Amino acid sequence: MSEFAKAYEPQAVEAKWYAAWIDGKCFEADPSSAKDAYSIVIPPPNVTGILHLGHVLNNALQDILARRARQEGKEVLWLPGTDHAGIATQAKVERELRENEGKTRRDLGRAEFLKRVWDFKNKHGDIIIQQLKRLGCSCDWSRERFTMDESYTKWVSHVFVELFKQGLIYRGKRIVNWCPVSLTALSDEEVIMTPQRSKLYFMKYELADAPGEFLEISTTRPETLMGDVAVAVNPKDPRFSKYIGRMVKRPFPHADIPVIADDHVDIEFGTGALKITPAHDKADFEIGMRHGLEIIDVLTPDAHIHCPDCPDLHGLDRFVARKKAAAKLEEMGLLIKVEEYENNVGFSERAHVPIEPRISMQWFLKYPCVQEAADAVANGDIKFRPERWAKTYAHWMENLQDWCISRQLWWGHQIPVWYHKEKLDPLKNAESLEMADFEKGDIHVGLDAPADGENWVRDEDVMDTWFSSWLWPFATMSDLGENSATLKKFYPTDDLVTGPDIIFFWVARMIMAGFQFTGELPFKNVFFTSIIRDLQGRKMSKSLGNSPDPIDLMEKYGADGLRFGLLRIAPVGSDLRFDEVSVEEGRNFANKLYNACRFRQMAGTDLVELGDVKTFPPYHIDIMAKLDALSADLTESYAEYRFGEIAQRLYEFLWNEFCDKFLEAVKLDLRESATSEARALTLGTFDAVMSRYLQLMSPYMPHITEELSLRMGYMKEGEFLMQQVLPSEPLVPFDPSAAQARAAAIYESAGRLRNLKAEYNLGSRKDVRFIVKGAINWLSEETKVLALLAGAAEIVLDSSYEAQKGTPAALTPVGEVYLPMEGLIDVEAERIRISKEIEKIGIEVRKCEGKLGNASFVDRAPPEVVEQEKARLEEWKSKHVQLSEMLAALA
RNA sequence: GCGCGCUUAGCUCAGUGGUAGAGCACAUCCUUCACACGGAUGGGGUCGCAGGUUCGAACCCUGCAGCGCGCACCA
């Protein structure tokens, strides 16, 4: 039993216990166990990422679920790992390369560059894992996975090949979201629509067959004018019907382009005429397809103008070119006006620049098992919490677009497709091969290169990171083609804890992949965490600098303090406004818990067995019964994933019930002067309650509870609290209501007496005497405790007491209590106070009377409610009388 | 434009039909032998607005307003 310092110092304790758990293999899951399985897979953080508060919340929740499941006697697997995060990681390494060596990835070549990324990953990939360990996460590190592990990569390739064989993956030239900085295609989900202040340009095109006659057009993008191949109007628009089928002059480079009619054009918007640039706008592309229009690409991959016929624009950046093109139009007298305009522009999620709709050859996936996946959530086979996210999910599932899965990156899973060299047009590279060529044997799709490998060239592209993430729940549990013991025991998983921002990126896709490749749903429940914001309601972000470093917080307040503080304020369905104060409260709470135990040890270090509870004083039975109730309530709350409520209940029990009431009530028994019997009894109750309480708290604050359990002797050296199964027997196996009523009466009465003292500014005086008239029959047994709690020298029972007029008094559950004032009070101040009080009570009395005078209330409200109202009226009335007397006495 | 959510004390939020709550902050008192990362007491709210249902509404219904977030091809 070690020395207790005055304040709890978490840092050393937390490190010690984490190491002990690892040594004891406490987190390792045994697939051969006979116990029921509970499993959860971590949402893999980016391998080069660092921990932020979102991770803390998310992983603390998973840890709580895992630790609670262990306490419930389950065999638990919490499977950890990291994600290779294609664009993010590659961008980091490229930036480093540029800054340190002034080189691009192409300068190094693919093989050398990938080597650098792997080096980078090996150097930095462990950081976030170490941080999760600092937080106390009970992951099975022996099963840690990475989305680019060899076996995982096999899964990814296999899935690609299978879906290709089923005709769900195809290659095609489509308009995609192109990031001009990352130089790759993106999926629709990776594009963030952002309102932008921009300009709407109004300009006019001359009719080819009627010089001097013009058609007015509006656009936000004059710089793509060179790619215009038509002007479209709505066929129902009478203003333009006469132009349909005629030609207008595109100003530069000069060309005559047709005026066409298409329903897509909004008559109300701008001039009602739309220039059609199929190469640079998704809607224009579709109109172009409908009308068989030419596609003229006037932008380079990095969004510079490519138009040798317009030398003054050629080579300019798109935004520079926009101004230049507008100026050119003005010079030509074709610009009518420019209006300020707000529109939504798609930004690249990673590079934070406007994406460019661009035509390119890409691989696409038609989602598998869409109907099954949609139904699974709709019919509750997978339960979303909060439930409303199911609607968001359903909406997305109903409007699925094919997924662009190829990325023009090097870091990732390379597409398992080879093209025959002879068929490859050496000038045009693989883009020249259309899907139809597959039939001719020019494309090889498979896990391995073709046997005559030297005749084949592999597709250079890699797959979208999420194309590997969506296999995470099962690809982490088994090698391809193997029905591993782990998979058998732990798949499908039970819970998934993640943010609602990746419902589409990840959750929905995992459900589809699970169905497709395992025939099962990958999880049963999805718990969506709160998004953490700052006190102004802004999202946490690096650039705003409003994101506290969780490691700093843990250094300052301890991992337990951080976990508990954050969890206690985490709401069920809405965003969370983070305030460091709550972490401070978590730390303070840990200290409170620690000091309660310290107090116990000051009265003796030997464990004391619990005797026959039935014979115990009411305070003891009361606190034990409250713990039993807490224990039962937590079981319910866990079933409903109400984590914040659980933390709050644990907090209130320890602080308000155990420390403020129970410990204060039994303090005398722990003093030197107490009898050894009384002390033993109290220590026994303390130990029984505290040992169970620590266990209930353990999932939230794993380190301190483990530490205290050992120090207090509840656990022996070599045992772990986290491995103990929750007891099923209550501490109080009989009806405790009589004892609890007595304890409640004393606690409430003590409060009233303290109020009384404070009202007369005697709050800190310990020498006051209270006289109880008409005491409840058992009060003589409890006067010592009442005096202690009320901060009084003594409580005197005197049924014949005649109070002097004006003696302060209070009506309490144990009788009428008087506070004789031998000291002085300010008579005038007292009169004012009492007058105000009487006024207040008068209002209450009238309220009650009004209610009871209302026939419909008396007749129609439930009888017990009416009775309650009557009792309340009586109470107010008697208080009114009492105060009036006091006032009279003062006069 | 469609959908979802939020609006309760200075701040952050509980509270799904029966006397408005917690923590923090604030004020006063207490360094009493577990804890000042503590204890005691107190002030502070027409529960966003307007209707409706009900004996009774913070809570149920309708409308409105403000804020936030998704989704959407108005250039």
Side-chain angles (χ1 to χ4, degrees), chain A residues 4 6-8 193 200-201 217-221 232 264-277 281-287 341 343-344 357 386 388-389 391-392 395-396 399 500-501 503-504 531 533 535 537 539 557 561 568-579 581-582 584-603 644-645 648 651-652 655-656 659-660 663-664 667 670-672 751 754-759 761-766 791 844 847-848 851 854-862 864-866 868-869 872 876:
Chain A
F4 269 58
K6 199 173 175 184
Y8 177 58
M193 298 308 282
L200 188 59
Y201 298 84
I217 299 164
S218 49
T219 181
T220 52
R221 301 204 63 188
H264 170 262
V265 181
D266 182 348
I267 298 173
E268 303 297 320
F269 188 86
T271 63
L274 171 64
K275 76 186 193 70
I276 303 299
T277 322
D281 184 280
K282 200 177 173 201
D284 288 9
F285 177 80
E286 280 158 15
I287 293 174
Y341 179 63
N343 65 342
N344 281 319
R388 63 191 160 82
W389 292 112
K391 205 165 177 178
T392 306
H395 183 253
W396 190 73
N399 295 283
D501 49 334
I503 288 183
F504 311 140
I531 291 175
R533 299 175 179 281
L535 281 175
K539 257 189 179 176
Y557 302 112
R568 196 159 76 92
I569 57 165
V572 180
S574 49
D575 292 355
L576 180 159
R577 294 197 178 205
F578 177 78
D579 189 345
V581 167
S582 42
E584 198 180 329
E585 283 174 36
R587 186 268 317 259
N588 294 354
F589 180 75
N591 191 55
K592 186 77 179 176
L593 179 60
Y594 169 87
N595 269 294
C597 289
R598 179 166 166 253
F599 181 48
R600 152 72 177 87
Q601 289 236 311
M602 291 170 85
E645 181 183 288
Q648 184 61 20
Y651 182 96
E652 283 168 359
W655 208 305
N656 304 134
C659 291
D660 289 352
L663 277 190
E664 293 302 327
K667 233 167 197 177
L670 297 178
R671 298 239 168 107
E672 298 279 321
R754 285 196 303 266
N755 295 352
L756 201 58
K757 278 171 67 184
E759 275 178 39
N761 287 324
L762 301 169
S764 39
R765 295 280 284 270
K766 296 287 184 188
E844 294 298 336
K847 261 196 202 169
C848 287
K851 215 166 174 182
N854 181 343
S856 50
F857 171 73
V858 177
D859 296 345
R860 304 181 65 170
E864 64 271 19
V865 174
V866 177
Q868 207 180 320
E869 197 64 30
R872 197 152 65 221
W876 287 123

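Just so it is clear, the structure is predicted and the values come from calculations on it, not from any experiment. Letters A, B, ... are given to chains in the order of the sequence lines, protein chains preceding strands, and every chain is numbered from 1. What you see below is based on every heavy atom in this structure, not just the backbone, and it leaves out hydrogens, waters and symmetry mates.
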Rounded distance (Å) that lies between atom P of B:C33 and atom CZ of A:Phe599: 12 Å
Atom-pair distance (CG on A:Leu663; P on B:U32), nearest Å: 19 Å
Closest nucleotide among B:C71, B:C69, B:A75 to the A:His395 side chain: B:C71
B:G39 OP1/OP2 closer than 4.0 Å to side-chain N/O of A:Trp655: yes
Give me, pair by pair, the N or O atoms of the protein and of nucleotides 17-27 of chain B that are less than 3.5 Å apart, along with how far apart they are.
| from | atom 1 | to | atom 2 | distance (Å) |
| --- | --- | --- | --- | --- |
| B:G23 | O2' | A:Glu585 | OE1 | 2.8 |
| B:G23 | O2' | A:Glu585 | OE2 | 2.8 |

Distance test, side-chain N/O of A:Asn344 to OP1/OP2 of B:A72, below 4.0 Å: no
Rounded interatomic separation in angstrom, taking CG from A:Asn755 and C1' from B:U28: 15 Å
Shorter than 3.5 Å, N or O on both sides, protein versus nucleotides 3-11 of chain B: list them out with atom names.
| from | atom 1 | to | atom 2 | distance (Å) |
| --- | --- | --- | --- | --- |
| B:C4 | OP1 | A:Lys391 | NZ | 3.0 |

By ring pair (Phe, Tyr, Trp, His ring centres under 6.0 Å) - contacts of A:Trp396 (at least two apart): A:Tyr367, A:Phe504
From B:A40, B:G38, B:A75, nucleotide with atom closest to A:His264 side chain: B:A75
A:Met602 side chain, from C-beta outward: closest of B:G68, B:U41, B:A34: B:A34
Pairing partner (Watson-Crick or G-U wobble, both distances under 3.5 angstrom) of B:A72: none
Minimum-distance nucleotide (side-chain atoms of A:Asn588 versus B:C37, B:A40, B:A34): B:C37
Nucleotide nearest A:Ala758 (side chain, heavy atoms from C-beta), chosen from B:C71, B:A34, B:U41: B:U41
Separation between the P atoms of B:A14 and B:A22, rounded to whole Å: 16 Å
Paired nucleotide for B:U19 [Watson-Crick or G-U wobble; both distances under 3.5 Å]: none
Axial cation check for A:Phe599 ring with A:Lys667, 6.0 Å and 45° limits: yes
B:C6 versus B:G43 - spacing of their P atoms, nearest Å: 32 Å
Stacked cation flag A:Arg568 on A:Tyr651, 6.0 angstrom / 45 deg: yes
Atom-pair distance (NZ on A:Lys592; C1' on B:A34), nearest Å: 8 Å
Complement of B:C37, any strand, by Watson-Crick or G-U distances under 3.5 angstrom: none
Distance-only donor-acceptor test, A:Glu664 side-chain atoms vs B:A34 base atoms, 3.5 Å: yes
Per A:Arg587 side chain, nearest of listed nucleotides B:C37, B:C73, B:C71: B:C37
Distance test, side-chain N/O of A:Asn595 to OP1/OP2 of B:G38, below 4.0 Å: no
Sugar-phosphate, base or nothing in reach of A:Lys6, heavy atoms under 4.0 Å: sugar-phosphate
